[in-house]
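Encoded as structure tokens, the structure appears first; notes follow it.
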2 protein chains.
Amino acid sequence: MESAARRPRTRIQQEKRELILEAALEVFSVNGFRGSTVDQIAEAAGMSKPNLLYYFRSKEDIHVTLMQRLLDTWLAPLRELDDVGDPMTELRSYIRRKLEMARDFPRESRLFANEILQGAPRVMPMLEGELKVLVDEKVGVIKGWMRAGKIARTDPYHLIFSIWATTQHYADFDVQVRAVLGPDRGADGRFEDAARFLEQLYLNGLKPAR
Amino acid sequence: MESAARRPRTRIQQEKRELILEAALEVFSVNGFRGSTVDQIAEAAGMSKPNLLYYFRSKEDIHVTLMQRLLDTWLAPLRELDDVGDPMTELRSYIRRKLEMARDFPRESRLFANEILQGAPRVMPMLEGELKVLVDEKVGVIKGWMRAGKIARTDPYHLIFSIWATTQHYADFDVQVRAVLGPDRGADGRFEDAARFLEQLYLNGLKPAR
DNA sequence: CTAACGTTTGTCCAATCGGTCAAAATTTGC
DNA sequence: GCAAATTTTGACCGATTGGACAAACGTTAG
């Protein structure tokens, strides 16, 4: 049992670790790291605390594992931003994908937001490394589009930031959005309206001058 | 001493309560409510824990007081959005003011973000009440501008959400923004670039269709 | 000066925290 | 079916948590 944490051998270990990560996502995404307790996660996973700590060495171990998995899926939409496609179509697809992620994986978005809000103590290296490299690359693509006159000239970094902000807002600030809009319009309607608005804003906002 | 918390009488109580709120803002905005300890706040305020609890009945009492004050100043820019001014000028001013608040009061922004992320357990009534009323009113103003053909027709609620998201992003996700942009450009430069980008995005994006 | 009031502190408390450990229960390989 | 390996649990640990409290200390009005 010396390596239960590093490479799950049995079927049970595989399943239970997944169960724990799912429960931890639920708890961490609401309360943050310091605000969450191992007992809460264990209860959400339907097991005792010592049993949970048999599968993960520590609370931090769970969080680190969760964050590593998260970043990959989280950056996938940006990775797909393609040089060869039509710029406006590419950007619209990117915005739509990011908005769908905010709708379908709000807990992941909130977990990430919590981590960043607290100064990114556990993912700073990934931000300065992997993330920066990816953004720099895509900024190059966008600059190419601007030079070719396909979209308006503007700051590509802040363009990406604004897309992140506007889309993730619907996951991170969901309760505020719901409070302001009222209960009339359901979740589907909210995201439809958001998609329509953002599409209009960015397509008009980035239309090349001339 | 029965009413130390409700209405400060002495000069010392006035000052010490301010000192504590300032320290609590520092601590809460980084660690969230559950992640912060009374000891941390007391130390940041330069006093002992029992002394702090002489001025505020409980940890929650501090947080509630902080949130009440926060919402007023936080909504001030939206309150200033004026019906009679030129629409584009008004919107540009609003965006600029919100961005300045993200720059000058990042701790307040993060405190608010933390609260919303955790489901707004302590400010939900204010969101559904005060905030919703204000937004509904300003949505009316914006709709008027659209009917008059002054700005493009679009969803006013999501327009406001997007302005909130894009501006507060620079406070809440500051470490991520810094990590991606690198140390080359200082804080002033970042906000200058952001202001320029957002102005372009919204002025073009909301230009009335002709 | 001094009595009354406001302020500060040291000490203490029950509850909860993350985590350990040995023993019990269960599953698995043969 | 049985022994070995894996999984689960109850009891427990020291550290930290939010908060209580009385005693000590300062301040101020008469």
Side-chain angles (χ1 to χ4, degrees), chain A residues 1-28 30-67 114 118 121-122, chain B residues 1-28 30-67 114 118 121-122:
Chain A
M1 71 99 144
E2 29 95 18
S3 66
R6 34 192 81 194
R7 82 165 63 163
R9 305 187 160 169
T10 74
R11 173 184 49 87
I12 291 183
Q13 282 187 14
Q14 199 81 276
E15 290 172 0
K16 290 296 173 80
R17 279 177 67 93
E18 289 305 319
L19 199 69
I20 292 168
L21 289 174
E22 158 68 21
L25 174 60
E26 189 74 29
V27 176
F28 279 142
V30 173
N31 303 110
F33 181 77
R34 289 207 51 192
S36 303
T37 72
V38 178
D39 270 316
Q40 284 175 8
I41 301 171
E43 195 197 331
M47 64 180 70
S48 65
K49 182 171 64 171
N51 195 10
L52 183 148
L53 288 169
Y54 168 72
Y55 292 104
F56 285 90
R57 268 190 286 274
S58 68
K59 178 183 170 184
E60 178 138 7
D61 191 15
I62 305 175
H63 195 266
V64 167
T65 305
L66 218 46
M67 291 301 298
N114 255 309
Q118 281 158 28
R122 274 168 280 273
Chain B
M1 72 98 143
E2 29 94 20
S3 66
R6 34 192 83 188
R7 82 165 65 163
R9 305 187 160 168
T10 73
R11 175 185 46 88
I12 291 184
Q13 283 187 13
Q14 200 82 275
E15 291 172 0
K16 289 296 171 80
R17 280 178 65 93
E18 289 304 321
L19 200 68
I20 291 168
L21 289 174
E22 158 69 22
L25 173 60
E26 188 75 30
V27 176
F28 279 143
V30 173
N31 303 109
F33 180 77
R34 292 208 47 191
S36 302
T37 73
V38 178
D39 269 317
Q40 284 175 10
I41 301 172
E43 195 197 331
M47 63 180 70
S48 65
K49 181 170 65 171
N51 196 11
L52 181 149
L53 287 170
Y54 168 72
Y55 292 104
F56 285 90
R57 267 190 287 275
S58 67
K59 177 183 169 183
E60 177 136 7
D61 192 16
I62 305 174
H63 194 266
V64 167
T65 306
L66 216 46
M67 291 302 298
N114 256 310
Q118 281 157 30
R122 275 168 280 272

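Throughout, protein chains are lettered first and strands after them, A, B, ... in sequence-line order, and every chain is numbered starting at 1. Keep in mind that the numbers below use all heavy atoms, side chains included, and drop hydrogens, waters and symmetry copies. These numbers were taken from a predicted model, which means no experiment stands behind them.
For B:Ser48 and C:dT9, the shortest distance from a side-chain N or O to OP1 or OP2 is below 4.0 Å. Listed pair B:Asn51 / C:dT7 fails the phosphate criterion, with no side-chain N or O lying under 4.0 Å from OP1 or OP2. For the OP1/OP2 pair of D:dT7 and a distance below 4.0 Å, the side-chain nitrogens and oxygens of A:Tyr54 include at least one atom meeting the criterion. Distances shorter than 4.0 Å separate none of the side-chain N or O atoms of A:Gln13 from OP1 or OP2 on D:dT6. For C:dT8, one of the phosphate oxygens OP1 or OP2 lies less than 4.0 angstrom from a side-chain nitrogen or oxygen of B:Tyr55. Distances shown here put a side-chain N or O of A:Lys16 below 4.0 Å from the OP1 or OP2 atom of D:dT8.
D:dT7 atom P lies 14 Å from atom CG of A:Leu52, rounded to whole Å. Look at CZ on A:Phe56: it is 14 Å from P on D:dT8, rounded to the nearest Å. If you measure from atom CD of A:Glu43 to atom P of D:dT9, you get 13 Å, rounded to the nearest angstrom. Following rounding to the nearest Å, B:Glu15 (CD) and C:dT7 (P) show an atom-to-atom distance of 11 Å. We find that CD1 of B:Ile20 is positioned 12 Å from C1' of C:dT8, with the value rounded to whole Å.
Contact check for A:Leu25 versus A:Leu21: no side-chain heavy atoms found under the 4.5 Å cut-off. Within the 4.5 Å cutoff, no side-chain heavy atoms of A:Val27 are placed close to those of A:Glu43. Side-chain contact between A:Thr37 and B:Arg34 is present, with at least one heavy-atom pair separated by less than 4.5 Å. When side chains are defined from C-beta on, A:Ile62 counts as touching A:Phe28, because their heavy atoms get closer than 4.5 Å.
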Verdict with reasoning, A:Asn114 to B:Asn114, per side chain to side chain contact (heavy atoms under 4.5 Å, CB included): CA-CA 7 Å; A:Asn114 255 309; B:Asn114 256 310; 4.0 Å; yes
Sequence-aligned protein contact record of nucleotides 17-30 of chain C, with B where the base is within under 4.0 Å of a protein heavy atom and S where only the sugar-phosphate is: SBBBB------S--
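With sequence neighbours excluded, the residues satisfying salt bridge (charged side-chain N to carboxylate O under 4.0 Å, His left out) with B:Arg122 are B:Glu60, B:Glu115.
Closest heavy-atom contact between B:Tyr55 and B:Arg17: O-NH1, 3.0 Å.
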